[in-house]
Amino acid sequence: MSKTYALSDLIRADNFIDGQWVPAASGKRFAVTDPATGERIVEVADSGPADARAATDAAARAFPAWRDALPKERAAVLHRWHDLMIENADELGRLISLEQGKPLAEGRGEVLYGASYVAWFAAEATRVYGDIIPNQQRGKRMTAVKEPVGIVAAITPWNFPLAMIARKIAPALAVGCTVVGKPAEDTPLTALALVLLAHEAGVPAGVLNLITASRENAVPAVADWLADSRVHKITFTGSTAVGKYLARESAGTLKKLSLELGGNAPFIVFDDADLDAAATGLMAAKFRNGGQTCVCPNRVYVQSGVYEKFADLLTTRVAALKVAPATDAAAQIGPMINARAIDKIGQHVDDAVSRGARVLTGGRRLTELGPNYYAPTVLADATKQMQLSCEETFGPVAPLFRFDTEDEAIGAANDTPFGLASYFYSQDVRRIDRVARRLEAGIVGINEGALASEAAPFGGVKESGYGREGSKYGLDDYLSIKYLCQGGLE
Ligand code: SIN
């Protein structure tokens, strides 16, 4: 199957429920805007509880047949969906850049990244094994089989509008779950385009349903799923505050949860590190998507002996970054997502400066480019009293903290309720082993800044959440284990 779409044909404005494009029951709409200019791209459905319920009804009707499809039949549909994503990678990438502000090359890169999860889980669909349990009593046979959990509600963030929803939907569909989804209000268009391609790939009506909602109406819409006992699982990527709300509110129907929440990633550069490699790793990890990634380093700890040298090396590279509209082919940093985001970045930098941080480069809004641009920034002399040491800045700001001993660096790195990613650079093999074990995080980058892979388990510890996405472990969150005990076999 091969079909390529023009960008205008990928842009959909209605909900997708039971295989049909339908407006919100209320008829309401809200505007999706280009973060580079603040201009409206299109108005999409502003859904409420009635739309959420209609999506669940469709998912419930579709579940038995999808559950009972052969794994290789589900895999074939996922492979077709993957192929359509690849064929449409340029236009999907452009759509991501348009609504989210990621530079074009990163937008296309996100399509390939998201599609890699679909291919991965298409293959995993055929490998969901159970166990025959060694006999404990004569005349009995004990087996464990894995079954889809049922209807999954997927709630996804704006920073990776394609990859985050793909890596939730793909494992769910692979094992036979049906899905109701809601993308972030800032970036619903890419998710709607993905659903269009999924339909084209042969995902049956009702198996995948997507509704969009404004910030105000998202809460009542999602609340309908939280209270509905037919929805068995919530998978969410976003803030820790919202993750806690979902956990609390879904307790009434005891849903299975996967929560990929906020981070406050430390990045440690030891005296014995290859400084050039560390600067390269930090550039990749910190400035990807303009710093708007849960695994972006938020606190950079540099050992005293190399502090000034590393600061110089980094500053030269950061000052050379090209900031421009995402659709400009030369852009390395695009606009931030919205006014709230840019205000928070400005507030973190101002707070740090008022408490003694030195601006080595950047440190200001680039209003000459548009409403949502911030200059890539390096701050020296950061301290733990600053707001940016305990909250995710989610922007292109690298604050450099100084430390003297390994214990001090690990203590500072772990001194946070969060535990998603952490990074360190060292060339001492014994230190590498020690530090990797002691860092409290679900993901540790060792002499490496680019960690993401469909083959790796992605997820956090502490208040960064639970559950894993990607890898052979990524199916577990969508499966339940059933124990079968057969007697009378003697
Ligand atoms: C995220 O920001 O949550 C995901 C980033 C990634 O997949 O690397």
Side-chain angles (χ1 to χ4, degrees), residues 85 93 96 100-103 105-121 154-171 181 183-184 186-187 190-191 194 234-243 246 257-267 281-298 333-334 336-337 341 344 391-396 418-423 441-445 448-471 473-474 477:
M85 288 166 75
I96 294 173
Q100 194 258 302
K102 193 173 271 151
E106 284 191 51
R108 192 172 194 286
E110 183 183 339
V111 180
L112 305 186
Y113 177 48
S116 73
Y117 284 94
V118 178
W120 176 269
F121 286 113
I155 303 164
T156 56
W158 53 262
N159 62 342
F160 288 87
L162 185 142
M164 295 303 102
I165 197 157
R167 79 182 184 194
K168 294 179 188 312
I169 293 175
D186 286 308
T187 57
T190 309
L194 264 199
I234 306 281
T235 170
F236 170 70
T237 297
S239 72
T240 294
V242 174
L246 295 173
L257 291 172
S258 303
L259 300 175
E260 201 262 271
L261 308 178
N264 181 6
F267 187 106
L282 183 55
M283 292 302 292
K286 172 75 241 183
F287 294 96
R288 174 172 167 238
N289 198 16
Q292 303 172 108
T293 301
C294 304
V295 291
C296 277
N298 199 51
I333 304 277
M336 300 295 106
I337 187 69
K344 181 177 185 191
E391 280 175 40
E392 260 187 313
T393 304
F394 237 60
F418 303 102
L420 184 55
S422 59
Y423 307 77
I443 304 168
V444 180
E448 180 57 63
L451 313 180
S453 163
E454 75 281 14
F458 189 104
V461 297
K462 295 161 69 178
E463 293 190 22
S464 290
Y466 37 77
R468 291 294 177 267
E469 295 192 320
S471 81
Y473 307 105
D477 279 73

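One-based numbering, in listed order, for ligands and for the atoms of each. Heavy-atom basis, side chains included; hydrogens, waters and symmetry copies ignored.
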Peer 1: The criterion is side chain to side chain contact (heavy atoms under 4.5 Å, CB included); which residues satisfy it with Tyr466, sequence neighbours excluded?
Peer 2: Ala247, Leu257, Leu259

Peer 1: So does Thr235 get a backbone contact from the side chain of Ser258, meaning a donor-acceptor N/O pair under 3.5 Å?
Peer 2: no

Peer 1: Heavy-atom contacts with Phe160 under 4.0 Å: which atoms of ligand 1 show up? List them by number with element.
Peer 2: 2 (O), 5 (C)

Peer 1: Among all protein heavy atoms, pick out the one at the shortest distance from atom 4 (C) of ligand 1; state its residue, atom name and that distance to 0.1 Å.
Peer 2: Met164 CE, 3.6 Å

Peer 1: Between Thr237 and Lys168, is the side-chain contact (heavy atoms from CB on, under 4.5 Å) condition met? List the steps.
Peer 2: CA-CA 9 Å; Thr237 297; Lys168 294 179 188 312; 2.8 Å; yes

Peer 1: Could you tell me whether ligand 1 has any atom less than 4.0 Å away from a heavy atom of Gln292?
Peer 2: no

Peer 1: Which of the numbered atoms in ligand 1 are below 4.0 angstrom from a heavy atom of Arg167?
Peer 2: 4 (C), 7 (O)

Peer 1: Closer than 4.0 Å to some heavy atom of Ala452 - which atoms of ligand 1 meet that?
Peer 2: 8 (O)

Peer 1: Is it the case that the ring center of Trp158 lies less than 6.0 angstrom away from the ring center of Phe394?
Peer 2: yes

Peer 1: Select one of side chain, backbone, both or neither to describe which atoms of Asn159 lie under 4.0 Å from any atom of ligand 1, heavy atoms only.
Peer 2: side chain

Peer 1: Do Leu451 and Val444 touch side chain to side chain, with heavy atoms closer than 4.5 Å?
Peer 2: no

Peer 1: Select the closest option to atom 3 (O) of ligand 1 among Glu260, Arg288, Glu454, judged by heavy-atom distance.
Peer 2: Glu260

Peer 1: Without hydrogens or angle criteria, can the side chains of Glu391 and Asn298 be said to hold a donor-acceptor pair below 3.5 Å?
Peer 2: no

Peer 1: Under 3.5 Å, N or O to N or O, is Cys294 touching ligand 1 that way?
Peer 2: yes

Peer 1: Where is the nearest protein heavy atom to atom 5 (C) of ligand 1: which residue, which atom, and how far?
Peer 2: Thr293 CG2, 3.5 Å

Peer 1: Identify whether NZ of Lys or CZ of Arg in Arg167 sits under 6.0 Å from the centre of the six-membered ring of Phe458 and within 45° of that ring's axis.
Peer 2: yes

Peer 1: Check whether any N or O atom of Thr237, backbone or side chain, sits under 3.5 Å from an N or O atom of ligand 1, and answer yes or no.
Peer 2: no

Peer 1: Tell me the protein heavy atom at minimum distance from atom 7 (O) of ligand 1, and give that distance in Å.
Peer 2: Tyr113 OH, 2.6 Å

Peer 1: Parallel, tilted or perpendicular for Tyr113 and Tyr117, by the 30°/60° rule?
Peer 2: perpendicular

